[in-house]
Amino acid sequence: MRASERAYQLLRDEIVRWELQPGAALAELDLAERLTMSRTPVREALARLVADGLAVPVGGRGLEVAPMDLDRARELYEVRQSLEVQAVRLAARRGDRDVFRRLADDFLAAGAAVGAAVAPADRSAYYALVGRFDDAVDDAVANRYLVTTMGSVRTHLARVRRLAQDNPARLVAAAQEHRTIAAAVADGDGDLAAHATHVHLHHSLENVLASMTLPTSTPTALRRPA
């Protein structure tokens with residue numbers, strides 16, 4: 001892996017995992033020293049983060065991690081709603097039904113497993129399953145423009161979802177919702193898949209917004225103003 005790619009992946013992951021929180025300075029020299037590489041690959045990585053919208057210029061003072069607040073979360077979900085509803089409709093029409101039938105079965109099992117998980121780390125298999133579902137939808141839609149746009153939105157949604165991942169009850173419900181979507185796609189029922197996706201995203205946004213208003217579970221930069 002090229003040094004610039006490695007720097008990009010490391011910094012992107014730190015931003016998504018909130019190890020680098022909104023407003024954190026992204027100083028090229030400091031990062032180069034921390035990542036033990038020259039400034040050129042770090043500069044290239046930072047340029048990509050700016051292009052992704054994960055880093056923003058700060059009036060002549062370099063770069064910092066892009067903000068994330070309630071309004072931005074709502075905006076992301078508005079875009080996500082349009083994209084994913086269309087995507088599952090196309091997947092129901094064009095996708096491999098056996099692939100989505102297996103995913104539906106996997107989500108059924110995952111609902112029980114994630115509810116019984118003791119610690120957040122124990123739920124990693126569930127998050128990986130959601131990633132497999134997203135990949136299957138991307139493959140099924142056969143539309144490079146839609147896939148590219150969804151990928152960009154998912155990058156930012158990954159930051160938002162970190163706020164609500166530790167809610168076991170919501171994860172169980174989300175697994176059930178994903179199972180309904182996958183089963184509908186497997187049956188070629190685009191209308192049901194679209195409706196189930198709409199319901200899933202509505203519940204997901206409600207949970208995220210509720211999490212973002214809880215001071216004990218929310219980074220300071222995201223707490224609702226008094």
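Values below: all heavy atoms of this structure, side chains included; hydrogens, waters and symmetry mates excluded.
Rounding to the nearest 0.5 angstrom, the gap separating the CG atom in Leu171 from the CD atom in Gln176 is 11.5 Å. Expressed to the nearest 0.5 Å, how far CE of Met150 lies from OG of Ser82 amounts to 12.0 Å. Taking OG1 of Thr149 as the start and CD of Gln86 as the end, the distance is 12.0 Å to the nearest 0.5 Å. The line from NE2 of His156 to CD of Glu75 is 11.5 Å long, rounded to the nearest 0.5 Å. One distance of note links CG of Leu157 with CD of Glu84; it measures 7.5 Å at 0.5 Å rounding. Note that the CZ atom of Arg72 and the CG atom of Leu76 stand 9.5 Å from one another [nearest 0.5 Å].
Contact detail for Ala45 and Ser4: the closest heavy-atom pair is CB-O, 3.7 Å. The minimum heavy-atom distance between Pro22 and Pro67, with the atom names listed, is CB-CA, 3.9 Å. The shortest non-hydrogen separation linking Tyr77 to Ser204 is OH-OG, 2.7 Å. Taking every heavy atom of both residues into account, Gly53 and Ala66 meet most closely at O-CB, 3.2 Å. Nearest heavy-atom pair across Val85 and Ala194 is CG1-CB, 3.7 Å. Looking at every heavy atom in both residues, Ala183 comes nearest to Ala104 through N-CB, 3.9 Å.
When the ring pair (Phe, Tyr, Trp, His ring centres under 6.0 Å) test is applied to His200, the partners found at least two apart in sequence or on another chain are His178.
With respect to Leu90, the side-chain contact (heavy atoms from CB on, under 4.5 Å) criterion is satisfied by exactly one of Val137, Val141, Val185: Val141.
Comment: Arg132 engages Asp106 in a salt bridge, judged by a side-chain N to carboxylate O separation of less than 4.0 angstrom. Ionic pairing of Arg74 and Asp71 is present here: one or more N-O contacts between side-chain nitrogen and carboxylate oxygen are shorter than 4.0 angstrom. In summary, Asp105 and Arg179 do not engage in a salt bridge, as defined by a charged side-chain N under 4.0 Å from a carboxylate O. Between Arg48 and Glu5 a salt bridge is recorded (basic side-chain N to carboxylate O distance below 4.0 Å). For the pair Arg170 and Glu177, the salt-bridge criterion is met [side-chain N within less than 4.0 Å of a carboxylate O]. No salt bridge links Asp138 with Arg144; every basic N to acidic carboxylate O contact stays at or beyond 4.0 Å.
Connection of Trp18 to Tyr127 is established within a shared hydrophobic cluster, with ILVMFWY side chains joined at heavy-atom distances below 4.5 Å, either directly or through further cluster members. Linking ILVMFWY residues whenever their side-chain heavy atoms come closer than 4.5 Å, directly or via other members, leaves Leu108 and Tyr126 in distinct clusters. Note: the hydrophobic cluster containing Val160 does not contain Val16 (ILVMFWY, side chain heavy atoms under 4.5 Å, direct or indirect links). Connection of Val79 to Leu209 is established within a shared hydrophobic cluster, with ILVMFWY side chains joined at heavy-atom distances below 4.5 Å, either directly or through further cluster members. Residues Val147 and Leu83 share a single hydrophobic cluster, defined by chaining ILVMFWY side chains whose heavy atoms lie under 4.5 Å apart.
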### Message
Test side-chain contact (heavy atoms from CB on, under 4.5 Å) on Val199 and His202; report intermediate values, then the result.
### Response
CA-CA 5 Å; Val199 170; His202 173 74; 5.7 Å; no
### Query
Which is it for Arg6 and Arg2 under the side-chain contact (heavy atoms from CB on, under 4.5 Å) test, yes or no, and what are the steps along the way?
CA-CA 6 Å; Arg6 183 164 61 89; Arg2 293 176 56 223; over 6 Å; no
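Under the 4.5 Å side-chain criterion, counting only non-hydrogen atoms from C-beta, Phe107 is not in contact with Ile181. Looking at heavy atoms from C-beta onward, Gln81 lies out of side-chain contact with Glu78 at the 4.5 angstrom threshold.
Members clustered with Leu10: Tyr8, Leu11, Ile15, Leu20, Leu26, Leu31, Leu35, Met37, Val42, Leu46, Leu49, Val50, Leu54, Leu63, Val65, by chain and number, using a 4.5 Å side-chain heavy-atom cutoff among hydrophobic residues. By the 4.5 Å side-chain criterion applied to Ile, Leu, Val, Met, Phe, Trp and Tyr, Val58 is assigned to no cluster and stands alone.
In this structure a side-chain-to-backbone donor-acceptor pair under 3.5 Å is missing from Ser152 to Thr148. Between the side chain of Asp187 and the main chain of Asp189, no donor-acceptor pair closer than 3.5 Å is present. The backbone N or O of Gly151 sits less than 3.5 Å from a side-chain atom of Thr155, completing a donor-acceptor pair.
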